[in-house]
Amino acid sequence: MPVKNANKFQMDVIDVEDFLRDPPSGFTVELRVTGYRFIRSDPDSFCVFIDEFDSAKGKVIFQNSPGRSIKVHTLKDYMHVRERLTSKRIVLMVSACEHNTARSKKVQKNAKVLKQYIVILDGNNPVIKWEMERGLDHTISSVAGESYKVKIDLSDLLQRWAGDNFHIIADGRKVKPDWRDAYFCLKYYTNALFDVPHWLGFNKRKFKISYYRKAEVGKQKS
(Lines give C-alpha, C1' and ligand atoms only; values in the text may rest on other atoms or scores of the structure.)
Protein backbone atom coordinates (compact mmCIF):
# COMPACT_ATOMS: atom_id res chain seq x y z
CA MET A 1 0.00 0.00 0.00
CA PRO A 2 1.42 3.46 -0.87
CA VAL A 3 2.20 5.57 2.19
CA LYS A 4 0.38 8.88 1.70
CA ASN A 5 -0.30 11.51 4.35
CA ALA A 6 0.82 9.08 7.05
CA ASN A 7 3.05 11.60 8.82
CA LYS A 8 0.82 12.01 11.89
CA PHE A 9 0.80 10.59 15.41
CA GLN A 10 1.33 6.87 15.20
CA MET A 11 2.50 5.50 18.53
CA ASP A 12 3.84 6.37 21.96
CA VAL A 13 5.70 4.01 24.30
CA ILE A 14 5.74 5.09 27.95
CA ASP A 15 7.36 3.46 30.98
CA VAL A 16 4.55 2.22 33.27
CA GLU A 17 5.83 4.13 36.31
CA ASP A 18 6.17 7.33 34.24
CA PHE A 19 2.63 6.80 32.98
CA LEU A 20 1.26 6.49 36.52
CA ARG A 21 3.23 9.48 37.77
CA ASP A 22 2.42 11.78 34.84
CA PRO A 23 -0.33 10.33 32.63
CA PRO A 24 -0.54 11.61 29.05
CA SER A 25 -3.42 13.68 27.74
CA GLY A 26 -6.69 11.75 27.83
CA PHE A 27 -5.90 9.77 31.00
CA THR A 28 -6.37 10.49 34.70
CA VAL A 29 -5.03 8.44 37.60
CA GLU A 30 -7.17 8.24 40.73
CA LEU A 31 -5.78 6.88 44.00
CA ARG A 32 -8.55 4.97 45.77
CA VAL A 33 -8.84 4.54 49.54
CA THR A 34 -7.96 0.87 49.20
CA GLY A 35 -4.59 1.88 47.76
CA TYR A 36 -5.07 0.86 44.15
CA ARG A 37 -4.89 3.22 41.19
CA PHE A 38 -7.87 3.57 38.88
CA ILE A 39 -7.09 4.86 35.38
CA ARG A 40 -9.85 6.75 33.61
CA SER A 41 -9.92 7.37 29.88
CA ASP A 42 -12.50 8.47 27.33
CA PRO A 43 -14.04 5.38 25.66
CA ASP A 44 -14.83 7.54 22.61
CA SER A 45 -11.10 8.12 22.12
CA PHE A 46 -9.38 4.96 23.41
CA CYS A 47 -9.70 1.18 23.19
CA VAL A 48 -7.89 -0.19 26.26
CA PHE A 49 -6.71 -3.82 26.41
CA ILE A 50 -4.96 -4.07 29.78
CA ASP A 51 -5.65 -6.57 32.58
CA GLU A 52 -5.35 -5.28 36.13
CA PHE A 53 -1.74 -5.56 37.30
CA ASP A 54 0.59 -4.81 40.20
CA SER A 55 3.03 -1.93 39.87
CA ALA A 56 5.61 -0.46 42.23
CA LYS A 57 2.81 1.86 43.40
CA GLY A 58 0.29 -0.94 43.96
CA LYS A 59 -2.54 -2.51 41.97
CA VAL A 60 -3.61 -0.72 38.79
CA ILE A 61 -7.02 -1.03 37.13
CA PHE A 62 -7.99 0.57 33.81
CA GLN A 63 -11.55 1.77 33.32
CA ASN A 64 -13.53 0.20 30.45
CA SER A 65 -10.88 -2.43 29.74
CA PRO A 66 -12.04 -5.96 28.86
CA GLY A 67 -8.50 -7.22 29.47
CA ARG A 68 -6.26 -8.39 26.67
CA SER A 69 -9.14 -10.08 24.83
CA ILE A 70 -12.46 -8.81 23.51
CA LYS A 71 -15.33 -11.16 22.69
CA VAL A 72 -17.94 -10.77 19.95
CA HIS A 73 -20.86 -13.02 19.03
CA THR A 74 -22.37 -11.59 15.85
CA LEU A 75 -21.24 -9.99 12.61
CA LYS A 76 -22.75 -6.74 13.88
CA ASP A 77 -20.57 -6.96 17.02
CA TYR A 78 -17.54 -7.67 14.82
CA MET A 79 -18.20 -4.64 12.61
CA HIS A 80 -18.59 -2.44 15.70
CA VAL A 81 -15.25 -3.62 17.12
CA ARG A 82 -13.56 -3.27 13.72
CA GLU A 83 -14.79 0.33 13.47
CA ARG A 84 -13.54 1.13 16.98
CA LEU A 85 -10.10 -0.37 16.42
CA THR A 86 -9.61 1.60 13.22
CA SER A 87 -10.87 4.95 14.49
CA LYS A 88 -9.48 5.23 18.02
CA ARG A 89 -6.21 4.90 19.91
CA ILE A 90 -5.40 1.39 21.08
CA VAL A 91 -3.79 1.03 24.52
CA LEU A 92 -2.01 -2.04 25.86
CA MET A 93 0.83 -2.98 28.20
CA VAL A 94 3.93 -4.80 26.94
CA SER A 95 6.98 -6.26 28.64
CA ALA A 96 10.59 -5.70 27.65
CA CYS A 97 12.36 -8.95 28.57
CA GLU A 98 15.94 -10.10 28.74
CA HIS A 99 16.89 -11.80 25.49
CA ASN A 100 17.00 -15.58 25.72
CA THR A 101 18.46 -17.72 22.94
CA ALA A 102 16.77 -20.91 24.16
CA ARG A 103 14.40 -22.45 21.65
CA SER A 104 12.03 -23.71 24.33
CA LYS A 105 8.85 -21.62 24.35
CA LYS A 106 8.52 -22.23 28.10
CA VAL A 107 12.00 -20.82 28.78
CA GLN A 108 11.32 -17.82 26.53
CA LYS A 109 7.98 -17.18 28.22
CA ASN A 110 9.68 -17.12 31.64
CA ALA A 111 12.40 -14.70 30.53
CA LYS A 112 13.17 -11.97 33.08
CA VAL A 113 11.01 -8.87 32.67
CA LEU A 114 13.24 -5.78 32.67
CA LYS A 115 10.58 -3.10 32.24
CA GLN A 116 6.96 -2.71 31.32
CA TYR A 117 5.56 -0.09 29.01
CA ILE A 118 2.18 1.34 28.05
CA VAL A 119 1.81 1.45 24.27
CA ILE A 120 -0.64 3.91 22.71
CA LEU A 121 -1.21 3.14 19.03
CA ASP A 122 -3.28 5.24 16.65
CA GLY A 123 -5.67 2.84 14.92
CA ASN A 124 -6.75 5.67 12.65
CA ASN A 125 -3.26 6.18 11.22
CA PRO A 126 -3.84 5.53 7.47
CA VAL A 127 -1.39 2.64 7.13
CA ILE A 128 -2.13 1.03 10.50
CA LYS A 129 -5.85 1.26 9.72
CA TRP A 130 -5.24 -0.47 6.40
CA GLU A 131 -3.18 -3.23 8.06
CA MET A 132 -5.83 -3.72 10.74
CA GLU A 133 -8.76 -3.87 8.32
CA ARG A 134 -6.93 -6.23 5.98
CA GLY A 135 -5.94 -8.60 8.81
CA LEU A 136 -9.38 -8.67 10.43
CA ASP A 137 -11.27 -9.11 7.16
CA HIS A 138 -8.95 -11.85 5.95
CA THR A 139 -9.43 -13.69 9.23
CA ILE A 140 -13.22 -13.58 9.26
CA SER A 141 -13.42 -14.60 5.60
CA SER A 142 -11.17 -17.61 6.21
CA VAL A 143 -13.37 -18.97 9.02
CA ALA A 144 -16.80 -17.83 7.82
CA GLY A 145 -19.58 -19.19 10.03
CA GLU A 146 -17.20 -20.62 12.63
CA SER A 147 -15.81 -19.46 15.94
CA TYR A 148 -12.22 -18.28 15.96
CA LYS A 149 -9.58 -16.38 17.88
CA VAL A 150 -7.28 -13.87 16.20
CA LYS A 151 -4.19 -12.37 17.81
CA ILE A 152 -3.16 -8.87 16.68
CA ASP A 153 0.62 -8.85 17.16
CA LEU A 154 2.60 -5.60 17.60
CA SER A 155 6.02 -7.14 18.29
CA ASP A 156 7.44 -6.25 14.85
CA LEU A 157 6.19 -2.70 15.27
CA LEU A 158 7.96 -2.38 18.63
CA GLN A 159 11.17 -3.83 17.22
CA ARG A 160 11.10 -1.18 14.48
CA TRP A 161 10.34 1.54 17.02
CA ALA A 162 13.25 0.42 19.21
CA GLY A 163 15.73 0.12 16.34
CA ASP A 164 19.29 -1.02 16.89
CA ASN A 165 20.27 1.51 19.57
CA PHE A 166 17.50 1.03 22.12
CA HIS A 167 18.65 -0.68 25.31
CA ILE A 168 17.78 -1.11 28.98
CA ILE A 169 20.32 -1.01 31.80
CA ALA A 170 20.12 -4.26 33.80
CA ASP A 171 22.73 -5.24 36.41
CA GLY A 172 25.12 -2.66 34.96
CA ARG A 173 24.75 -4.08 31.45
CA LYS A 174 23.14 -2.63 28.35
CA VAL A 175 20.48 -5.10 27.28
CA LYS A 176 18.61 -5.07 23.99
CA PRO A 177 15.22 -6.47 25.02
CA ASP A 178 12.80 -8.90 23.45
CA TRP A 179 9.18 -7.74 23.46
CA ARG A 180 6.61 -9.96 25.11
CA ASP A 181 2.83 -9.63 25.52
CA ALA A 182 2.78 -7.20 22.59
CA TYR A 183 -0.65 -8.26 21.41
CA PHE A 184 -4.38 -8.24 22.03
CA CYS A 185 -7.01 -10.72 20.86
CA LEU A 186 -10.41 -10.75 19.22
CA LYS A 187 -12.51 -13.83 20.00
CA TYR A 188 -15.51 -14.49 17.76
CA TYR A 189 -18.06 -16.99 19.06
CA THR A 190 -20.90 -18.26 16.88
CA ASN A 191 -23.86 -20.35 17.96
CA ALA A 192 -22.88 -23.19 15.66
CA LEU A 193 -23.75 -26.52 17.28
CA PHE A 194 -20.89 -28.46 15.68
CA ASP A 195 -18.05 -25.96 15.83
CA VAL A 196 -15.46 -28.75 15.71
CA PRO A 197 -12.44 -26.78 14.40
CA HIS A 198 -12.84 -24.30 17.25
CA TRP A 199 -13.23 -27.07 19.84
CA LEU A 200 -10.02 -28.67 18.61
CA GLY A 201 -8.12 -25.39 18.69
CA PHE A 202 -7.66 -25.14 14.91
CA ASN A 203 -9.35 -21.79 14.33
CA LYS A 204 -6.55 -19.66 15.69
CA ARG A 205 -5.22 -16.86 13.55
CA LYS A 206 -2.63 -14.13 13.91
CA PHE A 207 -1.63 -11.09 11.94
CA LYS A 208 0.97 -8.42 12.57
CA ILE A 209 0.88 -4.66 12.60
CA SER A 210 4.34 -3.73 11.39
CA TYR A 211 4.27 -0.22 9.87
CA TYR A 212 6.46 2.29 11.67
CA ARG A 213 7.75 5.64 10.49
CA LYS A 214 10.64 6.91 12.60
CA ALA A 215 9.89 10.58 12.01
CA GLU A 216 6.49 10.29 13.67
CA VAL A 217 7.57 9.88 17.26
CA GLY A 218 10.78 10.33 19.22
CA LYS A 219 12.32 7.29 20.82
CA GLN A 220 12.32 6.96 24.54
CA LYS A 221 15.57 5.92 26.16
CA SER A 222 15.97 4.13 29.46
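Residues in residues 65-80 take part in no salt bridge (charged side-chain N to carboxylate O under 4.0 Å, His left out) pair, two or more places apart or across chains.
Judged as a salt bridge (charged side-chain N to carboxylate O under 4.0 Å, His left out), and not counting sequence neighbours, the contacts of Glu30 are Arg32, Arg40. For Lys57, the salt bridge (charged side-chain N to carboxylate O under 4.0 Å, His left out) partners are Glu17, not counting sequence neighbours. Partners of Asp153 by salt bridge (charged side-chain N to carboxylate O under 4.0 Å, His left out), not counting sequence neighbours, listed by chain and number: Lys206. For Lys59, the salt bridge (charged side-chain N to carboxylate O under 4.0 Å, His left out) partners two or more places apart in sequence, or in a different chain, are Glu52, Asp54.
Under a 3.5 Å cut-off, the side chain of Arg84 and the backbone N or O of Pro43 do form a donor-acceptor pair. Side-chain atoms of Glu131 come within 3.5 Å of backbone N or O of Ser210 as a donor-acceptor pair. Put simply, the side chain of Gln10 gets close to the backbone of Tyr211: a donor and an acceptor are under 3.5 Å apart.
Under the 4.5 Å side-chain criterion, counting only non-hydrogen atoms from C-beta, Val29 is not in contact with Val60. Leu121 places a side-chain heavy atom less than 4.5 Å from the side chain of Met11. Contact check for Phe62 versus Ile118: side-chain heavy atoms found under the 4.5 Å cut-off. At least one side-chain heavy atom of Pro24 sits under 4.5 Å from a side-chain heavy atom of Ile14. Looking at heavy atoms from C-beta onward, Leu186 lies out of side-chain contact with Leu85 at the 4.5 angstrom threshold. In this structure, the side chains of Lys112 and Asp171 come closer than 4.5 Å at one or more pairs of heavy atoms. Side-chain contact check for Val175 versus Leu114: some heavy-atom pair is nearer than 4.5 Å. Side-chain atoms of Arg89 and Phe46, non-hydrogen and from C-beta on, do get closer than 4.5 Å to each other.
The aromatic rings of Tyr148 and Tyr188 lie parallel to each other, with less than 30° between the two planes, well short of the 60° mark.
The two atoms that bring Ala96 and Ile168 nearest to each other are CB-CD1, 3.6 Å, heavy atoms only. In this structure, Ile39 and Phe19 approach most closely via the heavy-atom pair CG2-CE2, 4.0 Å.
Transitive grouping of hydrophobic side chains (ILVMFWY, heavy atoms separated by less than 4.5 Å) brings Met132 and Leu75 into a common cluster. Hydrophobic clustering of Ile, Leu, Val, Met, Phe, Trp and Tyr side chains at less than 4.5 Å, counting indirect connections, keeps Phe49 apart from Tyr183.
With hydrogens and angles left out, the side-chain atoms of Asp18 and Tyr117 include no donor and acceptor closer than 3.5 Å.
Its side chain within the 4.5 Å cluster rule, Phe38 clusters with Tyr36, Ile61 among the Ile, Leu, Val, Met, Phe, Trp and Tyr residues.
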